[in-house]
Structures are given as structure tokens and as C-alpha cells.
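Comments concern the structure below.
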Amino acid sequence: MQRNKFTTMRSLKVLDRCKGAQVYALHTTGGGGGDVGDKLYHQLQDHLSVNPVRPISMHNYQSSNVPLAYVNETLLPYGLPVSDLLEPQIESCLKFVDFIGTLADLYRRIENCPQFEKTGMYLEQCAIFKGLSDPKLFRRTLRAARQHTVDVHSKVVLAAWLRHERREDELRGTNSMNCCGRNIECPKATLVPGYNPEFIYDPCVCSKNPRGESVDDYSIEDVECSTSDEYRDMSFCIGDNEIRCIRYCIASLSTPFRTMLYGGFRESRKEKINFTQNGISIECMKAAELYSRIRRVDSFDPRIILELLTFSNRFCCDDLKSACDSYLASLVNDVENALLLIEYGLEENAYLLVAACLQVFLRELPNSMHSPNVMKYFCSPEAKERLALVGHASFLLYFFLSQIAMEEDLKANTTVMLLERLADCATESWQKQLAYHQLGVAMYERKEYKDAQSWFEEAYESGHIYSKVGIARTKCKRGHKYSAYKMINSLISEYKPVGWMHQERSLYCDGKEKMSDLEMATELDPTLCFPYKYRAVLLLETNKIGAAISEISKIISFKVSPDCLELRAWISIAMEDYERALRDVRALLTLEPNYMMFLGKMHGDHLVELLRPFVQQWSQADCWMQLYDRWSSVDDLGSLAVVHHMLANDPGKSLLWFRQSLLLLRLNCQKAAMRSLRLARNHSTSDHERLVYEGWILYDTGHCEEALAKAEESISIQRSFEAFFLKAYALADTSLDQESSAYVIQLLLDALRCPSDGLRKGQALNNLGSVYVDCEKLDLAADCYMNALNIKHTRAHQGLARVFHLKNQRKAAYDEMTKLIEKARNNASAYEKRSEYSDRDMAKSDLAMATQLDPLRTYPYRYRAAVGPEHEVSAFAVLMDDHKENEAIAELTRALAFKPDLQLLHLRAAFHDSMGDYASTVRDCEAALCLEPNHADTLELYNKVLELVKEQ
């Protein structure tokens, strides 16, 4: 069992284009460089000297003699922040007191539910994962939900939701009905009912049978001529017109026709039947007669098919209705058509036609959210009932719509109405909890506290404990502060305390008790922003400005958020540090371009313009040098601010948008990073460049094979650094056997032969060195890292340290990491890595510093709980000898309280297993498998323990 425990101790190192991390191949038995490696040094010498870093040149800057009072009035027109006015936002997602138990329970229910019910289970998992910081978990679960759908309605909604996650609406030149090439999102495949999970990722048939083409061509005239009049034994008369028909063909259309023509009615004995008073046009009757013989409608005019749809409903012609419904659905390809046809679909109960119209509306989101003509089909109770009659009102539909509405404008009437419809559709407990809680949040933001309290109470009664936060908050707003205090106090007494409970209670007490709660909140959950913000503002109010900056910087160092950057900029202005203030405002605007500063009273762009006269002015060349300096010192926020400055001067530069996306990914701001990547694609000036950015978008949303195809298409047009780099990156992610590692090396060499700037070449060299290390070509790897360092790629110190370590030069490895710590502004990872090359006491010290700088890093907790660096004796053995299993479990539990992590859960499960606590082992394994269902070591442990439980 020990092997399972330790194989997952160190998280798998993977290629990372944005963190300066490394490509790792499988270890081979080969030793030295080989031919391809021997050529590296000679091939790259001419390229490594490009873009040398020169001393920065500034425009002459004269400090302004503007009076300080005028400066304060200009830059701080709304004064300074006030601690009493601060309060944390009520989160709109589902939150749980025992999150690990919730994950475990959900995994069990997913595994045990029938196949056809898995979509609903995965939808619940989506709702839970929505509250986590990693969007990949949400997208993976959304794909699983789509994979297991049976009905057309769910397929339409989930395919549109998956497309929305990529925000393709922001890509210029794309159509909402464009197909991605796979069944999972294909707008045609969604309109085909049935359960086919194994084919969901297969290529779709769009390219084989484009919209509007028939499988075979035929002529109505030919069909009409092929049937002789001698077979037509009856007529329908409409006015003076007579439509000759074949009696048994018309009778086959439906039971009413069969009864009329062959039953006891007098029409069964007539050759001519008068249909003049039935409101049927001559063209419609002719089309019905032709359909009765050929069973196809695709050559009729759409207007005639709409009449046939009404005809089929009136005379219960199910096959005719299905044919009309299907064909009309195939005609819906834009909002204009959808708005025209959806009324017919709703009136005639045409399931597929309404589905096709909804599909267009949903794939046009969020733009269609702002169209009254579209939203009238969703928002009102009557609209929801009309959809329900056709089978298209569901919790899934309104879950999707309401989430987008909340992202667009939480306070809007449209948002509230969609949330009300969501509540109407809620049937299961979790659905009611989510809908009622989100309605409470929306009402709270609208300052409608009485209604907000009512909805929060509904959510709490449905089982959502976190909604008590909303109840307490609304009670306080309505003048019942002590009642709010007692409510949260009882929550802390009743359940195992978590960070948000103490944070909330701090709002309703004062003095030492308040500060004690805030400290406890940070201890239990260091990712909560409010305690840092409150302490910083309190320090500012006591004129301890430097301490205030230090306090808010603690959380910014590992969790970047607009509100914390705003506060630090605000305080920086107060201490007249305008350069720091401008840097933070620029970084903030990269995260949220429309952010309103000073409690929503001033646009961030306006504050930038106000601050610019008080700082040194840079040319574009100066900015490039600043970017090099900040990049090499691992100052990601500073780099982000410089890129924002450069984009203000040159907003059409796709390279800068791309660089911005890389920096945002480093800072774990994935939503903003994807927006920057889309802007890079939109501003690309060539096809080969556009294809690279589209490839990165696909890769970042889980479509690795499609990303590889984009890279190859780009290379076929023009060989470029970014295309080769993308291909190497995506290939390394899909496979890292010996053969593919050699191919990745060649791709990176090809990339380095292409023109690029030193920043990107440094990353490519760093990745190349990592491949060489894993191929045991240490000298070649060292050359790559040294060359990367020569062009100021500071992160290469980490790779060089690894080489020294593998060469048994432990002191040299330690020294390399020390250099990285000294050079890097963001150095939590450097402390963590240096611990691998330290003795035990120094390792503990380094890991304590890593946790202090970034509590979200999980390795220090795992080390302290179970195992030291690779060169040390296993700390697990030490803990077992000293019977300190409970201490180890407590260390892991501390981290799991605010960061549910696969590796932490697996290790804690292993500890529980070693202690014979099989119930806890099963729970932790199930929670881990909920996060990653295919984790081999956890599956092995889980199955082993289940067998033991059965035996007992």
C-alpha cells in the first residue's frame, strides 16, 4: 500500500507554456546527447543573441509641483475606504459545510444511478464545481452530461453551453451555427434523439451532408408523372379545384383518414369529397396527396410545409407531422428565421422546430440575452408554460440562461425573472437550494432585503446551510444585528467551523472579538479576501499605510482579484506611490476591462488617465525593456501592467494580447486569459497566426487533437515559432513515450530556428531542457538552461538545479534555487523546489515560507504530513514509528478545508487505510474520484478497501 501512497506525493510535472515549467518525457536508458542534441548548441548560437537587453531609456520626467491638496482632490475625489462599510459578497454558488463528504456522496450516486439518469447527476456535479476555481472541472463535467443525454432538448442546451464556455461569440467572422466537427457540439447532431455516449466525440456528418442538400435528387414532376391517373380513385374538392388522390394512400396518413375513407362514414362511398370548408389551401392538399405517395417533404416550399404541419395536427397525421417538423427544423439557421418559426412551432406543438429555434437563441448567447424579442420566449410564467407544453421547459434550460444573466447583470429584471423560472422548474433538493439561494443573492444586490430574506430562508429550509449567511445579512440590514450574530454563532456551534462562518460572524461584533474572528477565518481559509481587506483598511485608518499595503499584498501574492488590486491602488494613492497605484489599476483592468473604481463611482480607465501625469512616461521601446526586466524578475503583475500600457498605445497588436493571456494564466486568471486569447485571434493579421491562437483556445478548453490540427494547418501555411511551440506543447500533453519525446525535441528545435523574441525563446529552451532531462541527456539539458539564463529566462534556474541534483551535485542545485529566490518577486514555488535539495530542517523552513507566501500550494502540506524530499528518509515511516498518524491527517485536513485537491485526498485516504479506518478511506477515495474519475492509484486503493469491507 505504501507504493500507492508515495507515487502521488509529488504532483505530475507537465509542460506549461505560461508558468515557465517544463516538458517531461519518459525516462530512457540512453545516456548522452545523441546526434540531434549535439547539433543544438551550434544551431542556436545565432538565435540566442537576438533582442539583447539594454539599459532602459526614459523620457525626461519632471516631477510636478502641483499642490498635494489638488492631487488628493483629483485622484481621491471619494476619499479613502472606510472599514465599517466593507462587507464580503454573498457567494451565489452552492457551498457546503462538509464539502469532501458532499463530493463522496455525489460520486457514489453517479456510479450507482441508471445510465439514462446520469445527465441529471452530472448537472448536479456542474452546479457544485461551479463554485471551484478550476473551470476545467466544470467543463469536463458539462461534457459528461452532454455525453449521456438522450432527449433532443437536453442535447441542444448542453451543446450550446459547451460552446458558450469557449465564448466563440467573441470571435470575429464566426457564425453561431458553425460546427466544431464533433458530435458533442454539432447543431445537427443535437437534433437527433437517442443515447449514443460512445460516439459523442466522433466526427459529425456535417461535411458529408451540408445543410439543405438532399441525399438524392429527384423532381416533383417526375414523381407526379410516374403515377398514372388510373390509380387515382377519388378526389378532394376545394372550391372549383379537384385534387385527384389514391384512396389507400390518403387513408394511410392517419387513423381519422382511414376511418373516413374506409369506415362507416358516407365519404367512404363517395368518389369526390368536399374540403372547401376545412380551411385547407389547394397547394397544401396537393402537397399532402404527393406526400401520401412519396413520404417526403423536402422539395416543398417552406410556406407549404408550414400549412402541412397544421394539416397534420388537424388530421392526426403523425408521420407527416414528424417529416414537416424535422425539415422545418433543418431550415432554422439564424435568429431572424428562429423568431419567425418559433411561433409556428409553439402553436403546432412541433418539438424539433422549437428545439431548433431554441438552439439558435442559446448559441447566440450572451448577445441574444439583450434582445426583448428573444427573451419574451423565456422570462414570463406564461412563456415558460408555452415551452413546457412543447417539452422545452426544464431546470437545465433555465440553469444555463440564469447563469449567463447573472454574469451579465445580477441586478437586472431579466436575471430575476429567469431565476424565478429556474425556481419554478426545480424539483430536486439541490435544484431548490440553488435556485432559491441565487434569487436571494439577486434580491440582496438589488437592496430588496425582505424578499432576499424570504428566498434565503427557502434555500435554508431546502437544506442549503450556507444560505443562513444571507438570512443573517438581511436581518442585519433590517436592523436586527444581534439576531444575525446569534444565528451565525449557532451555526459555528452546530457544525465544524469553516472560514466563511467566522468571517460572517465578524460582521456582527466589534473590537477584539471581531479581529479574533477575522484571524480565525484566515487560519481556516487563507483564500478569503475580506479579512485581508478589512485589516488593511483598519491599518490605513490608523495611519499605518505601509502595514496596510503589506497586509493586502499577502493575498494578492497568491490570489489576484480586482477588488484587492483596487484597494491596494487606493492605498498607494494615499501614500503618494502613484507608480504602484497605476501598475495595480492597469493589472486590474486586464482582469476586468470595465471595472468601476471607488465603490463603483469611477471607471478604471479614467483613473489611469488621472494617474499618468504623475508618473514617468514610457515609449513603446521603453515598455519592451520594462517587460523584459519584469519578466526576468518573475514579476507577473508588473509585466501585466506593462503589457496593458503597450496595448493602450497599440491595441491592434495580436502578439501583445497573446502575451497578456500567458501572464494571466500564470496568475490563474483563466477567464481573463481566454478573453485576451480571443482578442489575439481577432487582431491577427494572417491566417497562420490566427490558426495558432485558435489552436490555443481549443487546447485550453480541452480539445487537444483539434489544437494539434490547427498547429499543423498553420505550419503548412508558414513555419513559425508559435505554431511549432503549440504543436510541441499539445503533443507532449497527449503522449510522452520515447518516440514522441524525440518528436517534441525536433519541434522545439524547429521553433527555435524561427524568428521570435527572447522571452518566448527562453520558454522554449526551458521546455527543451526539460525533455532532455527526462531523456537523461543532462549535458544537453544544462546547455539549454544556461542559454535560457543568458537571455534572462530566470525560471531556468529551476531546471538547472534539477540537472545538478541528478548529477549528485546537491550544493550546486541548492545554490541555483537560491538564485531564483533572490531574483524572483513571486518565489513561493522556488522555496518549495529548494526544499528538495536541503537538509530536513532547512526543507521544513523553506516549505513553511512557501505556505506563508502561497497557501494554495499543496506539496508543503503533503510533505509535512507524510514524506520529505526524494533524498530524505520517508517521513511517513517516521510518523508511523512515532504513531503520529493523527497529526499527519490533521495537516492534510487543514489544507483540504479550503482546497479540495486530488493528491491531498489520495494521501489522506492512504493514511486512513494504514490506520484501519476503512469508512474514512472510502469517503476520501470517492471524493478524489469525483474530482478525477480515472486516477489509477485512487481506484486501486478504493477497490482494495471495498473488498476488505465486503470480507468483513
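No experiment lies behind these values; they were computed from the predicted model shown.
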Throw together a table of side-chain donor-acceptor distances under 3.5 angstrom for residues 585-594, partners on residues two or more places apart or in other chains.
| unit_1 | atom_1 | unit_2 | atom_2 | d |
| --- | --- | --- | --- | --- |
| Arg586 | NH1 | His644 | ND1 | 3.0 |
| Thr590 | OG1 | Arg586 | O | 3.0 |

- Query: Are the side chain of Ser557 and the backbone N or O of Leu853 linked by a donor-acceptor pair below 3.5 Å?
  - Reply: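 The answer is yes, because a donor-acceptor pair under 3.5 Å joins these two groups.
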Query raised in the report: Under 3.5 Å, is there a donor-acceptor pair between the side chain of Gln503 and the main chain of Ala521?
Result: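 Side chain of Gln503 to backbone of Ala521, a donor-acceptor pair under 3.5 Å: no, none is there.
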| query | What's the verdict on salt bridge (Lys or Arg N to Asp or Glu O under 4.0 Å) for Glu722 and Arg760, showing C-alpha distance, side-chain angles and the deciding distance? | reply | CA-CA 9 Å; Glu722 293 297 348; Arg760 291 297 277 160; 2.8 Å; yes
Within 45 degrees of the ring normal and closer than 6.0 Å to the centroid, is that where the cationic atom of Arg659 sits relative to Trp624?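 No, a cation-pi geometry is absent between Arg659 and Trp624.
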Show me the side-chain donor-acceptor pairs of residues 546-555 shorter than 3.5 Å, one per line, residues at least two apart or across chains.
| unit_1 | atom_1 | unit_2 | atom_2 | d |
| --- | --- | --- | --- | --- |
| Ser550 | OG | Gly546 | O | 3.1 |
| Glu551 | OE1 | Lys554 | NZ | 3.1 |
| Glu551 | OE2 | Arg535 | NE | 2.8 |
| Glu551 | OE2 | Arg535 | NH2 | 3.2 |
| Ser553 | OG | Ile549 | O | 2.7 |
| Ser553 | OG | Arg568 | NH1 | 3.0 |

Discussion item. My understanding is that only residues two or more places apart in sequence, or in another chain, count here; which of them pass ring pair (Phe, Tyr, Trp, His ring centres under 6.0 Å) with Phe898?
Written reply: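 Partners of Phe898 by the ring pair (Phe, Tyr, Trp, His ring centres under 6.0 Å) criterion come out as none, since no residue qualifies.
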Listed partners of Tyr831 passing ring pair (Phe, Tyr, Trp, His ring centres under 6.0 Å), at least two apart: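 Ring pair (Phe, Tyr, Trp, His ring centres under 6.0 Å) check on Tyr831 returns nothing, list empty.
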Going by atom type alone, with no hydrogens or angles, which donor-acceptor pairs under 3.5 Å involve a side-chain atom of residues 405-412 and a protein atom two or more places apart or on another chain?
| unit_1 | atom_1 | unit_2 | atom_2 | d |
| --- | --- | --- | --- | --- |
| Glu408 | OE1 | His370 | NE2 | 2.9 |
| Asp409 | OD1 | Lys411 | N | 3.1 |

*asked:* According to ring-ring contact (aromatic ring centres under 6.0 Å, His included), does anything in residues 666-694 pair up with another residue at least two apart or in another chain? List the pairs.
replied: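 Of all non-adjacent pairs touching residues 666-694, those that pass ring-ring contact (aromatic ring centres under 6.0 Å, His included) are Trp657-His683, Phe658-Tyr693.
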**Sidechain N-carboxylate O distance under 4.0 Å for Lys559, Asp854** =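 Here Lys559 does not pair with Asp854 in a salt bridge, since their nearest N and O are not under 4.0 Å apart.
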Query - Note: Arg690-Glu694 ion pair, threshold 4.0 Å (strictly below) - result: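 Looking at Glu694 together with Arg690, the answer is yes, because their closest N to O distance falls below 4.0 Å.
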Partner of Met646 under side-chain contact (heavy atoms from CB on, under 4.5 Å), chosen from Asp650, Val642, Asn649 =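 That would be Val642.
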Problem - Stepwise salt bridge (Lys or Arg N to Asp or Glu O under 4.0 Å) test for Lys819 and Glu816 - result: CA-CA 5 Å; Lys819 292 176 185 177; Glu816 282 300 316; 3.3 Å; yes
